[in-house]
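Chain naming here is simple, since letters A, B, ... match the order of the sequence lines and numbering starts at 1 in each.
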Protein chains: 2
Amino acid sequence: MTARSTNTGEGSGAHDPHRDIPEATVARLPVYLRALTSLAERNIASCSSEELATAAGVNSAKLRKDLSYLGSYGTRGVGYDVDYLSYQIAREIGVTHDWPVIIVGIGNLGQALANFSGFSSRGFRTVALLDAAPQMQGQAVAGLEVRPFADLAEIVAAEQVSIGVISVPATAAQDVADAMVGAGISSILNFAPAVLSVPPGVDVRKVDLSIELQILAYHESRKAAESAEAAATVDNGSEEGITA
Amino acid sequence: MTARSTNTGEGSGAHDPHRDIPEATVARLPVYLRALTSLAERNIASCSSEELATAAGVNSAKLRKDLSYLGSYGTRGVGYDVDYLSYQIAREIGVTHDWPVIIVGIGNLGQALANFSGFSSRGFRTVALLDAAPQMQGQAVAGLEVRPFADLAEIVAAEQVSIGVISVPATAAQDVADAMVGAGISSILNFAPAVLSVPPGVDVRKVDLSIELQILAYHESRKAAESAEAAATVDNGSEEGITA
DNA sequence: CGGAGTTTGTGACTGCGAGAACAAACTCGC
DNA sequence: GCGAGTTTGTTCTCGCAGTCACAAACTCCG
């Protein structure tokens with residue numbers, strides 16, 4: 001059962017601090033970073049895994065395991081230094097410097113995203129807003145002028161943009177994605193309710209508002225069915241009531 | 001140790017069509033439903049698992065497995081009837097009738113959500129917009145009047161609301177969540193970058209825009225590091241070059 | 001200086017989810 | 001009516017992720 005053979009290269013040590021962070025861990029690192037930022041704002045210089053886990057809303061064992069993928073940045077018997085760990089996580093994620101971002105589709109959602117302060121304060125800088133509608137162009141949104149969609153390639157090249165946000169209607173999403181990929185963008189955050197197909201090497205993350213609501217609705221339905229069932233089972237243990 | 005004690009009811013058959021749908025499947029059912037709706041709009045009456053899987057962007061085996069949790073709604077050798085399957089998925093999710101939804105926090109994002117047509121077209125009806133800021137109250141957004149946050153309990157009771165959306169700043173999110181739970185809401189969609197603590201029985205789903213971007217940034221960083229590394233080992237056996 | 005207490009980092013175990021492969025079941029053509 | 005072809009539903013296997021539990025390592029105090 002020595003399943004040591006699956007690694008890619010030389011089995012140097014237990015785990016190289018720069019390789020192979022599980023996807024589930026990557027998704028939690030930003031949460032930890034935010035919790036650490038919050039602690040730092042309260043002038044807390046150090047914390048235990050238990051405290052940080054509570055602040056981040058996860059299990060402390062999971063947090064320690066996640067952090068161990070980055071390296072050994074804690075001190076046993078003491079805990080983690082907030083600033084030091086913050087920097088290490090930021091470095092691992094790659095947000096020690098700002099990433100330029102463009103937003104395509106300046107409708108209601110696009111405007112909200114452009115005005116969203118969370119982007120700029122967490123390692124991202126919106127460098128351009130684009131929209132295909134002529135009446136949008138030249139308008140100022142969040143201190144930026146809306147530019148024509150045709151300028152996409154030019155802007156991406158000039159600003160070295162590698163991350164794009166799509167907030168256009170679903171019917172236009174694939175075209176926008178194709179144009180982004182063609183211009184050299186390799187990471188896309190898609191708010192349009194559409195399945196995007198992109199070449200290998202391009203990452204797409206999807207945020208779908210109505211899907212989130214539908215998942216909640218499913219659980220609501222089950223809660224309602226459960227309580228109704230519980231009420232019905234009070235007088236009768238009937239289980240054969242399901243007819244075809 | 002007959003571990004029968006954990007389940008709620010009687011373990012009748014292999015899998016009751018109304019029990020125990022895995023969470024990962026639940027998250028995909030809305031995607032299937034959307035793909036089916038798209039097919040129906042193109043007047044396609046029936047489809048194979050392969051076609052539907054492509055439209056939904058998943059593996060066909062996974063799709064069939066997911067659908068099998070609902071029951072046997074396909075016909076071997078033929079495929080699935082689009083309308084019939086749509087209805088069955090909608091019924092399972094619980095969106096055959098509309099769910100009333102309230103939105104608390106009518107800033108940029110809240111207004112975008114209120115105007116988002118995807119909610120109303122997919123089983124949800126925004127019944128009220130609430131905001132604590134006095135200058136917001138009485139304003140009309142998306143055809144609805146913004147009402148004071150203090151009216152929350154009254155509205156929830158009157159409209160039988162069980163789903164609430166939080167789009168307030170992070171500092172206010174927990175208070176809003178507490179008020180929602182107190183008013184009887186049992187499912188929350190949270191856009192605020194904060195960890196919410198709610199009592200058991202209340203579902204919270206979180207949509208965090210900057211976390212999504214940070215996950216993309218992580219992969220971008222790795223891509224950059226990888227290509228730099230590849231450039232450094234040019235003399236070694238070069239792998240396939242991605243044609244940009 | 002040494003032991004007690006504390007906290008991290010990690011190995012072992014368990015359960016869920018993804019994917020491949022195959023049997024069951026349906027249609028169509030002859 | 002029957003065989004060939006097609007497509008679903010299910011079983012099996014593998015890998016990832018979550019949790020527990022504990023050894024290692026550090027601090028503090030007497």
Phosphate oxygens OP1/OP2 of [N]: is one of them under 4.0 Å from a side-chain N or O of [X]?
X	N	result
A:R28	D:dG18	yes
B:Y80	D:dG9	yes
A:T75	D:dC26	no
B:S49	D:dT8	yes
B:N59	C:dA20	yes

State, with a plain yes or no, whether a side-chain heavy atom of A:C47 is found less than 4.5 Å away from one of A:V82.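 Side-chain contact under 4.5 Å: yes.
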Between [N] ([atom2]) and [X] ([atom1]): distance, integer Å:
X	N	atom1	atom2	result
B:L52	D:dT7	CG	C1'	14 Å
A:I21	D:dA17	CD1	P	12 Å
B:D66	D:dT8	CG	P	14 Å
B:K62	D:dT13	NZ	P	21 Å
B:Y73	C:dA25	OH	P	18 Å
B:E51	D:dT8	CD	P	9 Å
A:E50	D:dC20	CD	P	11 Å
B:D20	C:dG15	CG	C1'	13 Å

May I ask you to check whether A:R122 and A:T37 show a side-chain donor-acceptor distance below 3.5 Å?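 No, because no side-chain N or O of A:R122 sits under 3.5 Å from a partner of the opposite role on A:T37.
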Could you verify whether a donor N or O on one side chain and an acceptor N or O on the other, from B:T96 and B:R91, lie under 3.5 Å apart?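 No, no side-chain donor-acceptor pair sits under 3.5 Å.
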Please determine, for the side chain of A:S68, which listed nucleotide (D:dT27, C:dT10, D:dA17) has the closest atom?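 Closest of the options to the side chain of A:S68: C:dT10.
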Among the nucleotides C:dG9, C:dT7, D:dC20, which one has an atom lying closest to any side-chain atom of A:A61?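 Closest of the options to the side chain of A:A61: D:dC20.
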Which atom of B:I93 lies closest to which atom of B:P30, heavy atoms considered: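 Minimum heavy-atom separation between B:I93 and B:P30: CD1-N, 4.0 Å.
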What are the two closest non-hydrogen atoms of A:E50 and A:S60, and how far apart are they?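 That closest heavy-atom pairing would be OE1-OG, 3.3 Å.
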Would you kindly check whether a donor in the side chain of A:R76 faces an acceptor in the base of C:dG9, or vice versa, at under 3.5 angstrom?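 Under the 3.5 Å cut-off, the side chain and the base do not form any donor-acceptor pair.
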Polar pair under 3.5 Å, donor/acceptor by atom type, side chain B:K65, base D:dG9: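 No such pair is found, so the answer is no.
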Please determine whether ring pair (Phe, Tyr, Trp, His ring centres under 6.0 Å) holds for the pair A:Y80 and A:Y73, giving the CA-CA distance in whole Å, both sets of side-chain angles, and the decisive distance to 0.1 Å. CA-CA 7 Å; A:Y80 300 93; A:Y73 295 134; 8.9 Å; no
Roughly how bent is the helix from C:dC1-D:dG30 to C:dC30-D:dG1 end to end, in steps of 10 degrees, with each end axis from five pairs?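 That helix has its two terminal axes inclined by roughly 0°.
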If you round to the nearest 0.5 Å, how far is CZ of A:F124 from CD1 of A:I163?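 The distance works out to 5.0 Å.
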Mind running side chain to side chain donor-acceptor pair (under 3.5 Å) on B:R34 and A:S210 for me, showing each step along the way? CA-CA 10 Å; B:R34 175 171 297 156; A:S210 47; 2.9 Å; yes
If you assign A:S48 and B:R64 each to the DNA chain C nucleotide with the nearest heavy atom, which residue ends up on the more 5' nucleotide?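 Final value for this comparison: A:S48.
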